[in-house]
Amino acid sequence: MMEVLHAGLCDLVMGAARPGFGALGVPAGGASDPAALAAANALVGNIAAAAGLEITLAGPTLRFPRGATVALTGAPFMATRSCGAPVAWNETLVLAPAETLTIGRVESGCRCWLAVQGGLVVPEVLGSYSAFPPAGFGGYMGRALQAGDVLAVGAQTGEVHVLRATPPAFGSMRSPLRVVAGPQARGFEDAGLVSFFSKPYQITAATDRRGLRLAGPAVAYARGELPSQGVLPGTIQVPPDGQPIILGWDGPVTGGYPVIAVVVTADRARLAQLKPGDTLRFVTLEVERARALASAAWIIEELA
Amino acid sequence: MVKSDVYPSPLPPAWQWVGERGLRVETGAATLAYYESLVSQKLDEIEDVIPADGSLLVVLRYGGGVSAALRATLNTPVMEPPSLTGTLHVISAEFGGGAGPDLSELAARARMDKSTYISNCSAVEYRVDFLGFQPGFPYLSGLPEVLQVPRRKTPRGCVDAGSIAIGGRYAGIYPAAGPGGWQIIGRTSSILFDASRDPPALFLPGDRIRFVPL
């Protein structure tokens, strides 16, 4: 059992994505860095798709009346345990009965993931445990956690291996985000294209799992209105005001704005760590080079 | 590009990459026929197929490539559009008043009285071309030209669930309450999307809809 004493800014129960319902208007969703959630699950002996928490910017205070084996991956947050022991990231943590885990503000980056041995018990909706708050389904009651919520935890194996995970080399957060030119890239005015691929853009406050709104040099589309087309997370649309929007994990499946570029899948985990105020730049890759980029793997090993 | 006005075309559809996992396929009037053909083949490398306005997005599994079977489909000329075999839904709806706050203005703009406007809306059979924007939101083609009208300049902060609306050449119905920029003409109490239902969406691509004013 896991009790929520204080809720964070947006604590969402997340597991695997639910691809395959795009024709019904349902995005695939799921953890914004699936490999990081899978690594947290591996640290507690869960299968990769077990339900855990995706925590954004400021985290919750959680109490485990019967104790728990947990792990945290992703961006480092300030965090404390009621027993006084340090809260290590990327390691198996064994919490004693009645221990409280307090996850405060993020230190750098934006999101972290918490796995609990046995997994959080929530109903499977359309093949996934992941919350989709825009339509109010999935996860825990289709919404972010609130103080007073009590979540069931699946049966624990009882066996605890203390493991350590090493995240893949991420590349510097300062290096440009790699994109493939979008289907309408040629319809943009030259000046805007040059700005887009050379100038920094800032992430604005109007940013969530549906989309990351950018502010920077305007990018003008030189052609008329476009029929709606299918879009993916990482698609960068440009509305008439010329300020690009990077579609997120819970974004719409179709969009009517021209697409200037699409973030390569290997850099999508970096999108999950961008927060309002951060700046970023873009660099283009050919499709073939983007396809050759293997998503680097986490390494999990027994802690000596 | 295959356009519906030059249909039927002997050419295979043009396609472009959308990132390294998406293929945007120009399917014109044959979008749903292509959609059904791709989905029925159950190709391993395809994670999802999303129909839209005259195009399809084929989403490949991460690390997957374009197989010979997919390439062959992409090289097949655009087929005959399917005969309208989708389910016909008869949707009761309240038009105008609080349920359709933009109806009076739109009727005036179309130089009709309200009851003529409403009978024009409900005289035709609409087709679900695709779903998007929100889970279960249908893009309905078949709107008479005289009723077509651009989106509102300023979107509403909150539109009621079940609102029937017009945006350009499409009619649509908002499954859930939320912000929306289309012109609201009426409202239905039908539940358009329920994740616990099978299928969760009331309307599927290719289905047909008639409105019956309450």
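Heavy-atom basis, side chains included; hydrogens, waters and symmetry copies ignored. Convention: sequence-line order gives letters A, B, ...; per-chain numbering from 1. Source: prediction; values computed, not measured.
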Is it the backbone or the side chain of A:Pro134 that comes under 4.5 Å from a heavy atom of chain B, or both, or neither? neither

With side chains defined as the heavy atoms from C-beta onward, is the minimum distance between A:Leu24 and B:Pro200 less than 4.5 Å? yes

Minimum heavy-atom separation for B:Gln16 and A:Pro183, please, with both atom names. NE2-O, 3.2 Å

Quick check on the interface: out of B:Tyr170, B:Tyr62, B:Phe130, who has the most heavy-atom pairs with chain A under 4.5 Å? B:Tyr62

More than 12 heavy atoms of other residues, nucleotides or ligands under 6.0 Å from OH of A:Tyr257: is that the case? no

Heavy-atom neighbours of B:Glu105 CD exceed 12 at 6.0 Å: no

Counting only heavy atoms closer than 4.5 Å, note whether A:Ala135 contacts chain B via side chain, backbone, both or neither. side chain

What residues of residues 131-148 of chain B sit under 4.5 Å from chain A when you count only heavy atoms? B:Leu131, B:Gly132, B:Phe133, B:Gln134, B:Pro135, B:Gly136, B:Tyr139

Contact leader toward chain B among A:Gly251, A:Pro252, A:Gly22, where contacts are heavy-atom pairs under 4.5 Å: A:Gly22

When you look at CZ of A:Phe21, are more than 12 heavy atoms from neighbouring residues, nucleotides or ligands closer to it than 6.0 Å? yes

Within residues 151-163 of chain B, contacts to chain A at heavy-atom distances under 4.5 Å involve B:Arg151

Is B:Arg61 atom CZ crowded by more than 12 heavy atoms from other residues, nucleotides or ligands, each under 6.0 Å away? yes

Turns out that what part of A:Glu124 lies under 4.5 Å from chain B's heavy atoms comes down to neither

Run the salt bridge (Lys or Arg N to Asp or Glu O under 4.0 Å) test against A:Arg18 and tell me which residues pass, sequence neighbours left out. none

May I ask you to check whether over 12 heavy atoms, not counting those of B:Asn75, lie within 6.0 Å of atom CG? yes

Identify the two heavy atoms, one from A:Gly230 and one from B:Ile50, that lie closest to each other, and give their separation to 0.1 Å. CA-CG2, 4.3 Å

Please classify the contact of A:Ala185 with chain B as side chain, backbone, both or neither, using a heavy-atom distance under 4.5 Å. neither

Show the nearest heavy-atom pair for residues B:Ala52 and A:Thr254, with the distance to one decimal. CB-CG2, 4.2 Å

Can you say whether B:Pro205 sits under 4.5 Å from chain A via the side chain, the backbone, both, or neither, judging by heavy atoms? side chain

In this structure, are over 12 heavy atoms from other groups packed under 6.0 Å from A:Arg143 atom CZ? yes

Tell me the closest heavy-atom pair linking A:Arg291 and B:Val66, and the distance in Å. NH2-N, 4.5 Å

Under 4.5 Å, counting heavy-atom pairs only, tell me which of A:Thr265, A:Thr235, A:Leu232 racks up the most with chain B. A:Thr265

Residue selection (most heavy-atom pairs with chain B, distance under 4.5 Å) from A:Ala290, A:Ser228, A:Pro227, A:Gly234: A:Ser228

Quick one: what part of A:Glu286 sits under 4.5 Å from any heavy atom of chain B, side chain, backbone, both or neither? neither

Heavy-atom cut-off 4.5 Å, strictly under: side chain, backbone, both or neither for A:Arg178 against chain B? neither

For residues 189-197 of chain B against chain A, heavy atoms under 4.5 Å, the residues are B:Phe193, B:Ala195

Can you confirm whether A:Glu225 is buried at CD, in the sense that more than 12 heavy atoms of other residues, nucleotides or ligands lie under 6.0 Å from that atom? no

Side chain, backbone, both or neither: which part of A:Val231 has an atom under 4.5 Å from a heavy atom of chain B? backbone

Interchain contact, A:Leu226 with chain B, by part (heavy-atom threshold 4.5 Å): neither

Less than 4.5 Å to any heavy atom of chain A: does that hold for the side chain of B:Val18, its backbone, both, or neither? both

Considering only heavy atoms from C-beta outward, does the side chain of A:Val264 approach that of B:Glu20 to under 4.5 Å? yes

